[in-house]
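To start, the structure itself, in structure tokens.
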Amino acid sequence: MCGIVGIVAKSNVNQDIYDALTVLQHRGQDAAGIVTSHGGKFNLRKDNGLVRDVFHTRHMQQLIGNMGVGHVRYPTAGTSSRALAQPFYVNSPYGIALAHNGNLTNTEELSGEIFKSDLRHLNTNSDSEVLLNIFAHELQRLGKLVPSAADIFEAVKGVHERCRGAYAIIAMIAGYGVIGFRDPHGIRPLVLGQRETERGNEFMLASESVALDVLGYKLVRDIEPGEAIYIEANGNITTQQCAKNPTLSPCIFEHVYFARPDSIMDGVSVYKARLRQGEKLAEKILRLRPDHDIDVVVPIPDSSRVAGQSLAQRLGVKFREGLVKNRYIGRTFIMPGQSQRKKSVRQKLNAIGLEFQGKNVLLVDDSIVRGTTCKQIIEMAREAGANKVYFASASPPVRFPNVYGIDMPTAEELIAHGHSDDEVCDLIGADWLVYQDLDDLIASSAEGSPKIKKFDCAVFDGNYVTGDVSREYLDRLAKSRNDFNNSKFEDTGSNIVGLHNTIL
């Protein structure tokens, strides 16, 4: 999962892109990058680390230009090398920089095509670099000296025809403008915002609407699945549907975990979706245990707080912040490596003994993926003096790998894979475990936007909306994941990235 942003403004965009990336930092903590365009040339800075660590005053001063693209990354498959930090760049045609959120499912096939047919070289194993080269090739083969909106849309059509999987893209052509588009299923989010200034209208594309809010942009709408939008350097906007059979099927895990609650995605308020998750989960608890003995509901901060509040209210029991979070530790779900996740749980959370001592506590989390975090938190609750520790997941059991850009690609890592709910309960050490029903989770999100007829729920039901995910593909992805975990995160591309960084 990654965060992307693109801005076309009337003055330097470096600070606004920086601020937007800090707001989207929850979507990726591995690397960050910004590229701006000025005088037909790119200024690029990217590296591993948080936004605040990658960009210093000397970098910001040289990131001049009235349009630019930013990216925050966390790794899925591959390595955590600096060479994989985005945006990526190619010099032909025109000079194109691209930032990508998602994951292609036919990367291996496309990599061969790019070398044999397109005569292009790939420097990394990133599917984002594949996407960039596909887009560049489709644009270059049109042979235009100056690209028009029609040319750009024709190139996006070529991307849709060749690429499969999930992708929300923001690209910039040096001196010309910024392009945004989503895959034909709209699996990953992308929104358009507008800000009025004395000099004229300014436009912004971002993964989440919250990035627009912080910078004073008004949410105009979501980019539709398969649609492309071209924002020229002078502010002119052109849009076109570039896919043959687009069908909106956004990833429901955005509403469960990834997105900030103050974001709106495809018309769905993430906050209200999580409120409904808690209400429906409470109704299930009341059906299963009408005479429950829960004394207090304690959320596992932060993403389960909203659902926990509505759950407690519906149950008629106390809601207490019994776990205090260290704000300087990253989100454990998106930390690369199981050992690092285990180590960080105790560093990240600490129990307030008064809220646990002698009580039957219901811990609420947004999901249970590997089981590492919840098992340790249950142990913490018992050490704090809890009488009984129950556990509620605001989403169904995660039993299947994700192939669209979320860091859970191997089934063996998922605690619910091959285990019943009772077995998972025993494995995490809870006295009782309750999961959200999938129908209720879907209803929680669907109520916010009637236009969404289907969600990508593959991690829960194994139905991959792109229809091209085979057993062989999952096995290859699992091997890639295992190789990644066993690596020492060697910086194999440091020389290449060093060339980029000498610009700044």
Side-chain angles (χ1 to χ4, degrees), residues 2 4-6 31 33-47 63 65 67-71 73 78 81-102 104 106-107 109-148 151-163 167-181 205 228 230-231 233 492-504:
C2 301
I4 57 178
V5 59
I34 294 175
V35 59
T36 60
S37 176
H38 178 70
K41 296 182 179 180
F42 283 150
N43 301 304
L44 173 65
R45 166 65 181 174
K46 60 179 182 176
D47 205 345
L63 283 169
M67 60 182 184
V69 174
H71 186 272
R73 176 185 186 266
S81 164
R82 286 194 302 155
L84 299 178
Q86 295 185 38
F88 283 121
Y89 161 77
V90 291
N91 64 1
S92 179
Y94 316 116
I96 304 173
L98 178 144
H100 167 218
N101 175 30
L104 297 184
N106 63 334
T107 303
E109 172 189 336
L110 291 173
S111 297
E113 289 181 7
I114 287 171
F115 177 72
K116 295 177 182 178
S117 302
D118 299 355
L119 303 181
R120 286 181 169 269
H121 170 72
L122 296 176
N123 192 63
T124 72
N125 61 353
S126 170
D127 63 330
S128 303
E129 189 185 11
V130 170
L131 255 167
L132 170 58
N133 277 274
I134 293 289
F135 178 64
H137 174 77
E138 293 298 318
L139 196 54
Q140 187 167 26
R141 70 183 183 86
L142 298 176
K144 299 293 185 65
L145 181 62
V146 176
S148 66
D151 297 328
I152 289 168
F153 296 146
E154 191 66 26
V156 173
K157 289 179 183 178
V159 172
H160 289 331
E161 290 174 1
R162 297 178 64 179
C163 297
Y167 48 93
I169 300 293
I170 300 177
M172 179 170 59
I173 301 177
Y176 289 104
V178 168
I179 307 103
F181 58 94
L205 295 165
Y230 179 40
I231 309 171
T492 57
S494 58
N495 292 334
I496 297 297
V497 176
L499 290 175
H500 288 312
N501 288 343
T502 57
I503 298 174
L504 302 183

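We find the CD1-CG distance between Ile134 and Asp118 to be 5.5 Å, quoted to the nearest 0.5 Å. The distance from atom CG of Leu122 to atom OG1 of Thr107, rounded to the nearest 0.5 Å, is 10.0 Å. Put simply, CG on Asp151 and CG on Leu142 are 5.5 Å apart, with the number rounded to the nearest 0.5 Å. The distance from atom CZ of Arg120 to atom CZ of Phe115, rounded to the nearest 0.5 Å, is 14.0 Å. Ile170 CD1 to Ile4 CD1: the interatomic distance, rounded to the nearest 0.5 Å, is 4.0 Å. Note that the OH atom of Tyr167 and the CG atom of Asn101 stand 13.5 Å from one another [nearest 0.5 Å].
Residues that satisfy the salt bridge (Lys or Arg N to Asp or Glu O under 4.0 Å) test with Glu113, not counting sequence neighbours, are Arg162. Residues that satisfy the side chain to side chain contact (heavy atoms under 4.5 Å, CB included) test with Ala228, not counting sequence neighbours, are Phe153, Val156, Phe181, Cys242.
Of all heavy-atom pairs spanning Gly70 and Ala99, the tightest one is O-CB, 4.0 Å. Scanning all heavy atoms of the two residues, the minimum distance from Leu145 to Tyr176 falls at O-OH, 4.1 Å. Taking both residues in full, the closest heavy atoms of Phe88 and Ser126 are given as CE1-OG, 3.4 Å, listed atom of the first, atom of the second, then distance. Smallest separation of non-hydrogen atoms from Val130 and Ser111: CG2-OG, 3.6 Å. When all heavy atoms of Gly175 and Ser37 are compared, the closest pair comes out as N-OG, 3.1 Å. When all heavy atoms of Ala136 and Val90 are compared, the pair lying nearest together is CB-CG2, 3.9 Å.
Side-chain contact between Asn43 and Arg45 is absent, with no heavy atoms from C-beta onward closer than 4.5 Å. Contact annotation: the side chain of Tyr89 never approaches that of Met172 to less than 4.5 Å [non-hydrogen atoms, C-beta and beyond]. Side-chain contact check for Ile173 versus Ile152: some heavy-atom pair is nearer than 4.5 Å. Counting heavy atoms from C-beta outward, Phe135 and Ile96 have side chains that approach closer than 4.5 Å.
A distance-only check finds a donor-acceptor pair linking the side chain of Glu129 to the backbone of Thr124 [under 3.5 Å]. Judged by distance alone, with hydrogens and angles left aside, the side-chain atoms of Gln86 form no donor-acceptor pair with the main-chain N or O of Arg73 at under 3.5 Å. Between the side chain of Lys46 and the main chain of Ala31, no donor-acceptor pair closer than 3.5 Å is present. One N or O on the side chain of Asp127 and one on the backbone of Leu104 form a donor-acceptor pair closer than 3.5 Å. The closest donor-acceptor contact from the side chain of His71 to the backbone of His100 lies under 3.5 Å. When atom types are taken as modelled, the side chain of Asn106 and the backbone of Cys163 share no donor-acceptor pair closer than 3.5 angstrom.
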>> With side-chain contact (heavy atoms from CB on, under 4.5 Å) as the criterion, how do Leu132 and Ile169 come out once you've worked through the C-alpha distance, each side chain's angles and the decisive distance to 0.1 Å?
In response: CA-CA 9 Å; Leu132 170 58; Ile169 300 293; over 6 Å; no
>> Is there a side-chain contact (heavy atoms from CB on, under 4.5 Å) between Leu98 and Val69? Walk through the geometry before answering.
In response: CA-CA 8 Å; Leu98 178 144; Val69 174; over 6 Å; no
